[in-house]
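A, B, ... follow the sequence lines: proteins, then strands. Residue 1 opens every chain.
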There are 2 protein chains.
Amino acid sequence: MTGKKIRNMDEFASVSGISRPTLSKYFHDPASVRASTRAKVEKALETYDYTPNIFAMNQNRKLTKNVGIVVPYLADPFFAEIARNLEQRCIAAGYRPSLHSSHGQPALENDIFDSLRSIKPAGVLLAPLGRASDRRAVEKFCEQIPTVLFDSHLQGMGLAFVGSDNPQFVRLMVDYLCRTGEPPCFFEMKHPSNPNANKRRQSYIQSMEELGHTPHIFQAEGEGWDFEEIGRREGGRALASGAFSTNTILCSNDRLAIGFLTACYEQNIRVGIGEDCQIRVAGQDDHPFSRFTCPPLTTVAQDYESISRRSVEILFRAIEGEVHAHEDTFFEGRLVMRSSA
Amino acid sequence: MTGKKIRNMDEFASVSGISRPTLSKYFHDPASVRASTRAKVEKALETYDYTPNIFAMNQNRKLTKNVGIVVPYLADPFFAEIARNLEQRCIAAGYRPSLHSSHGQPALENDIFDSLRSIKPAGVLLAPLGRASDRRAVEKFCEQIPTVLFDSHLQGMGLAFVGSDNPQFVRLMVDYLCRTGEPPCFFEMKHPSNPNANKRRQSYIQSMEELGHTPHIFQAEGEGWDFEEIGRREGGRALASGAFSTNTILCSNDRLAIGFLTACYEQNIRVGIGEDCQIRVAGQDDHPFSRFTCPPLTTVAQDYESISRRSVEILFRAIEGEVHAHEDTFFEGRLVMRSSA
DNA sequence: AAATAAATTTTACGCGCGGCAACTTTTGAC
DNA sequence: GTCAAAAGTTGCCGCGCGTAAAATTTATTT
């Protein structure tokens, strides 16, 4: 690598003693050339400083090695984490990931689609905005480019969907809460941006009824992705007005719960499972910050390791030509017991 | 845009009645062609569906419109936020940003440099890992590609540095804390990854001495970017061992403070400014979650709006040929009084 | 109206690599 | 040692656009 800078593949062909078409094959897939020539190439690569021009490569190749990763809101550490995970897996598989965030804005999501189209990606890993998404735009995009959806389920779109088994999350938590104390009220947004929220609500109702309890739901006003603030403001109103019929609150997600905990603090309501506590609060998702709330938040952990592994698996198989029907995968959550409930 | 799909610039030249070289100029910079021809192009653009092939464009252009944005740790919402801000500004200025995170790993930072080099970026906005960075790699990169550093100061590298006036942050907070209660102890990491931490420590010592107080510093063990966990674990040890000489703790940054608050909770130490509180805790940076800790964290807000505006300003000016000497800009912080101190 | 400057068109070539066809060499099993 | 398959080579064209130089048109100035 310290040697002379090579300008193009022809020049590298001269100095390495390998013909250009073979080099082209090597750079496309090192395994596609004989072991002995691969060794020769790699030895020359150590002596000379050469990397193929990525623009020239992509210009003519039918399929690039580009992979788009799109998340709805990168300032949410959950998405940052899963994006990191996906990114590493793509790199390990020899692809070039590019990271994009819709920042909660449908218009931006559509812009990202256009931007991705222009780099002819081999595939895309897409966590759509959800309810706010331009469904027709998503559908059109999925038809044009091999796309695996994750996190937010949009019925039937893309090669596959990989996400969490939301009903199981809620069942798990409702069971736990009922076993250890009063049955929970459900705290959620009235107009959630994420379709998972609807499944969670339904599962809450069903789980409660199966256990012989009456469901109680409090729906917070507010739009957008400032979940913590909505949880704080609306949770505070709910607490102040005595809207909850029990001492146990199950929040639709951790970010809402984090804001709700703040509201409890502001109203001097002691949260937790101790003798001196007035209220129990639980969340869902195991947000990176939930370990550090006061009290630490009891929640259901998303299996984002499995979600990301599965997503790239399906995408790369599809890219490499394997055809199979659209399938949905839902991973189970794991109960994380901490001191808030 | 609904019309027939055009395959290349030659074809678009035919249907639009503009020559290809002029179209090329237009797409490079619409302002570089006469208003009347610009109108003709844009009218044709409405009728026909055409966007230049981005790979072919970048292949021969000396300067692409690509801009790299590199942050040390994207799972930190502070960096996610500033990255979003930078991204939007780049798009608004007609550039194509690409987002990268070093994930706290020097090897990854170097990989990102290589990856960026291969896309011939017009410029790069780089928040380096700091102490862990491979200084020679950063220096070499800055020499090759116009780069503005932000957040972490590496002496003299790049076109410019834009960040926060760390000494002012600490002075502001130390002044406030001393005015309203006992002078603070300083809680920080022994081996901080970020050079800002060193400036903050020095400023703490100086500020305390100027006010006639004796500085007390507690340095937490631990490496890496899991600041909250380090703050919780080491803060807990410090509290348990009675390492603090006053009832007021100034944390080097908010993430450490968030963990420290958890430690306080775990030891049943009531934090805040009320009569019944035993300890005051303050942070620095105004992390997005600091508003929602219990109690909400008193801190110094980074002016990331100004930081990002300034960073792109300097970069784009440099790209457009304006030469001027290396300069460092430090923006002041704003005291955010909440109930933790 | 002529002179000058500026913008555009024409023409022509280059960028670095992908891909194909026809041919030659190497490989490995028998 | 034979021979077919696999791998590599040579030569050529195409991709879509950048860019330079010369010729032409258009706009501005005096």
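Nearer to the 5' terminus of DNA chain D, by closest-nucleotide assignment, is the contact made by A:Val33 (compared with the other of B:Asn8 and A:Val33). In this structure, B:Asn60 and B:Lys40 both approach DNA chain C, and ranking their closest nucleotides by distance from the 5' end singles out B:Lys40. Each of A:Leu23 and A:Arg20 was matched to the nucleotide of DNA chain D holding its nearest heavy atom; the match closer to the 5' end belongs to A:Leu23.
Across all strands shown, B:Thr37 has heavy atoms under 4.0 Å from sugar-phosphate atoms exclusively, and none from any base.
Taking atom CG of B:Asn53 as the reference point, atom P of C:dC17 lies 16 Å away to the nearest angstrom. With rounding to whole Å, A:Asp10 atom CG is found 13 Å from D:dC12 atom P.
Between A:Ser24 and C:dG18 there is a side-chain polar atom (N or O) within less than 4.0 angstrom of OP1 or OP2. The phosphate of D:dA7 has neither OP1 nor OP2 within less than 4.0 Å of any side-chain N or O from A:Arg34. In terms of phosphate contacts, A:Tyr50 brings a side-chain nitrogen or oxygen within less than 4.0 Å of OP1 or OP2 of C:dC17. Between C:dA7 and B:Thr22, no contact under 4.0 Å exists linking OP1 or OP2 to a side-chain N or O. Close to D:dT10, at under 4.0 Å from its OP1 or OP2, lies no side-chain N or O of A:Ser19.
Listed nucleotides: D:dC17, D:dT19, C:dG16. Nearest to the side chain of A:Ala56: C:dG16. For B:Pro52, the listed nucleotide lying nearest its side chain is D:dC17; candidates were D:dG8, D:dC17, C:dT9.
When each of A:Glu81, A:Gln88, A:Arg89 is tested with A:Asn85 by the rule side-chain contact (heavy atoms from CB on, under 4.5 Å), just one qualifies, namely A:Arg89.
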Would B:Arg310 and B:Phe331 satisfy side chain to side chain contact (heavy atoms under 4.5 Å, CB included), going step by step from the backbone distance to the final call? CA-CA 10 Å; B:Arg310 198 74 211 279; B:Phe331 285 100; 3.8 Å; yes

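Side-chain contact between A:Met57 and A:Lys65 is absent, with no heavy-atom pair separated by less than 4.5 Å.
Formation of a donor-acceptor pair under 3.5 Å by the A:Lys120 side chain with backbone atoms of A:Asn58 is found in this model.
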